[in-house]
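Below: one structure, written as structure tokens.
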Amino acid sequence: MTKFVFVTGGVVSSLGKGIASASLAAILESRGLKVTLIKLDPYLNVDPGTMSPFQHGEVFVTDDGAETDLDLGHYERFIETRMGKVNNFTTGQIYKSVLEKERRGDYLGKTVQVIPHVTNEIQEFVMRGATATDVDVAIVEIGGTVGDIESLPFLEAVRQMSLKLGPNNTAFVHLSYVPWIAAAGELKTKPTQHTAQKLREIGIQADALLCRADRPIPDEERAKISLFSNVPEWGVISMWDVDTIYKVPRMLHEQGLDGLICDRLRLNTPPAKLKRWDDLVYETEHPQSEVNIAMVGKYVDLSDSYKSLIEALRHAGMRNHARVKIGYIDSETITSENIGQLAKFDAVLVPGGFGKRGIEGKICAARFAREHKVPYLGICLGMQVATIEFARHVAHLTDANSTEFDPGTTTPVIALITEWKDKDGTIKTRDEHSDLGGTMRLGAQSSDVAPGTLAHQIYGDVVNERHRHRYEANVNYLDPLRKAGLVISALTQREHLTEIVELPQSVHPWFMGVQFHPEFRSTPWAGHPLFNAFIAAAMVHRDHQAAPDHPVAVANLKVVA
């Protein structure tokens, strides 16, 4: 029987429930348990797919094509279990399902209410996620904070679950905030006392309190929290700020959180084995060199917008024994006059995105990297702007553009599939929905990789990656682009959709754009082969810039698998 740990939050959001949940899962996994995680989001959106990155951060995509909360990225980076559609659901999905059942008559004419119909539906969704794979423990993270009206149905549902499942089958972990008041020169425990009290009013008694602060919480304050929250002192655990999230599993283990949970759930396991985490932290703290990457995007004010991408670069840095420093550059500010600012970087990365804003700056960045032979990696939109740039300035298709940015362009090298026309005037189409939430190519898809290419050095014969985009490289322009020297190194077989473009290594040492999102499959243990190779190329370029009289041959560029 699968046992459950419910993780809730109080006082303020963005305290790190996702990291705490993932870290607890990692420790339990290190004790030999099979673990999965589920994220419950209280907003009414069906999924975060149509939400602005400024509002919600990145949208993480799973193999089965689910657009999910970014916390699922943390889950996959911390444990071996892969996430899917059943691992993340929202209030919107719950109410949508309940209303569909009501319209079908499934409730046999009963008055449909929050209790029991909505809370029962939440429990069904949780059980579905927990039983999708054979696991010992399911950690269920509830978004929002205790006291929010949106979260109440979720909290009531898990309270009912704990009652139904009986003793020793559920545990509750509550994450709270202990602020440091500079004027008083002390930590204040009152917010945590209040949120624990609010949780008890709902009918939930926390088994452990994770107390977030900017510093370790002294024993005296922990004892005070214990007294007023009705949690044993050994269950009051300090979570202070650290310089890398990979220190959190060790931090929680040394304060006994995993032991407390195993005791509460009556799980008899071997001791935790955290050597891989210790080795990871050692690697982050003892780099042998440093490399500077320019990330040219339009959501640079919020790092959550590129969370998986940032982590993928750091993972690749660890694989290459280098500290990766990322310079965030707002693509709206880049022009042909100031593009020289990229010269101080060892490589250029243009990430994904949607909409016209900042596009010309991204095109300028791609042109600079191509003309100055700076390693370039374009992710999704980054591949598309590299294709547009090449079409304009090399293939002499001067009006080249995407219909996303200019619907009336006469040279749509990037377009929706429904906008591609054959010579006989027919339109190549695929099934699409009218709403924005259903018009993307989503999830893992594979294609063959052309031999003799840089992509083949990295991926081998087949590439299989996760997608999230609407616009594609227009198949009707591939021939003129090829004739001008662009290498299409991966195409899907059925629709001939471009997956990877690159420049010959005889022309440019490392220039590649990919239509997919490889960052979603990067882990701290192995990195990702594409990012590993990109960082290795940046290091070669850095060394060449430092000693230009001793050029490094492309053949000597080591691709770290």
Side-chain angles (χ1 to χ4, degrees), residues 5-24 39-43 55-57 69-71 74 139-152 154-155 158 171-202 204-245 247-257 260-261 302-304 307:
V5 178
F6 299 108
V7 180
T8 56
V11 185
V12 295
S13 59
S14 301
L15 287 179
K17 286 197 302 295
I19 296 297
S21 300
S23 297
L24 174 57
K39 175 68 184 292
L40 317 186
D41 280 307
Y43 49 76
Q55 287 277 318
H56 192 262
D69 185 83
L70 61 83
D71 279 331
H74 294 312
I139 298 176
V140 182
E141 177 193 347
I142 301 171
T145 55
V146 171
D148 293 345
I149 192 169
E150 295 94 342
S151 300
L152 282 174
F154 290 106
L155 294 169
V158 300
F172 287 92
V173 174
H174 189 58
L175 186 72
S176 183
Y177 181 48
V178 181
W180 170 262
I181 306 300
E186 61 182 345
L187 290 163
K188 289 295 184 180
T189 65
K190 190 65 71 176
T192 293
Q193 295 175 38
H194 278 246
T195 189
Q197 180 183 9
K198 188 68 176 177
L199 198 62
R200 291 199 305 276
E201 289 176 4
I202 296 169
I204 296 173
Q205 170 62 52
D207 297 294
L209 278 174
L210 305 185
C211 299
R212 286 284 290 112
D214 64 351
R215 65 200 68 204
I217 298 174
D219 291 342
E220 184 178 350
E221 276 71 24
R222 289 178 55 248
K224 186 177 180 181
I225 292 170
S226 170
L227 180 65
F228 285 97
S229 64
N230 201 38
V231 175
E233 192 169 337
W234 60 82
V236 179
I237 292 171
S238 177
M239 275 188 70
W240 59 91
D241 293 345
V242 288
D243 54 1
T244 172
I245 58 176
K247 289 182 177 179
V248 179
R250 169 64 70 180
M251 175 195 297
L252 297 180
H253 168 69
E254 289 186 346
Q255 296 179 78
L257 178 62
L260 184 156
I261 295 299
L302 292 172
S303 61
D304 275 358
K307 178 62 71 177

Are [X] and [Y] side-chain neighbours, meaning at least one heavy-atom pair lies under 4.5 Å?
X    : Y    : answer
L24  : I139 : yes
L199 : S229 : no
I204 : V146 : no
V231 : Q205 : yes
D148 : P42  : no
D207 : V5   : no
I217 : V236 : no

If you take all heavy atoms of [X] and [Y], which pair is closest and at what distance?
X    : Y    : answer
G144 : S151 : CA-OG, 4.0 Å
S23  : L252 : CB-CD1, 3.9 Å
T145 : S13  : CG2-N, 3.8 Å

So with a 6.0 Å cut-off around [atom1] of [X], is the heavy-atom count from everything else above 12?
X    : atom1 : value
W180 : CH2   : yes
E220 : CD    : no
K247 : NZ    : yes
I181 : CD1   : yes

- Any sub-3.5 Å donor-acceptor pair from R212's side-chain atoms to K17's backbone N or O?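 Looks like no, no N/O pair under 3.5 Å.
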
Nearest 0.5 Å, what's the [atom1]-[atom2] distance between [X] and [Y]?
X    : Y    : atom1 : atom2 : answer
F228 : H194 : CZ    : NE2   : 10.0 Å
I237 : E254 : CD1   : CD    : 12.0 Å
L210 : H174 : CG    : NE2   : 9.5 Å
L187 : R222 : CG    : CZ    : 12.5 Å
I202 : L155 : CD1   : CG    : 4.5 Å
S238 : M251 : OG    : CE    : 7.0 Å

- Verify side chain to side chain contact (heavy atoms under 4.5 Å, CB included) between M239 and Q255, making sure each step is shown before the conclusion. CA-CA 10 Å; M239 275 188 70; Q255 296 179 78; 5.7 Å; no

- Query: Checking side chain to side chain contact (heavy atoms under 4.5 Å, CB included) against T195, which of V11, L175, V12 comes through?
  - Reply: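 Among the candidates, only V11 passes.
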
- Task: Apply side chain to side chain contact (heavy atoms under 4.5 Å, CB included) to S21 and D71, showing your working.
- Result: CA-CA 9 Å; S21 300; D71 279 331; over 6 Å; no

- Task: Any chance you could lay out the side chain to side chain contact (heavy atoms under 4.5 Å, CB included) test for F172 and V158, step after step, and finish with the verdict?
- Result: CA-CA 10 Å; F172 287 92; V158 300; 4.0 Å; yes

- Item | E221 and K224: CA distance, side-chain angles, deciding distance, salt bridge (Lys or Arg N to Asp or Glu O under 4.0 Å) verdict | CA-CA 5 Å; E221 276 71 24; K224 186 177 180 181; over 6 Å; no

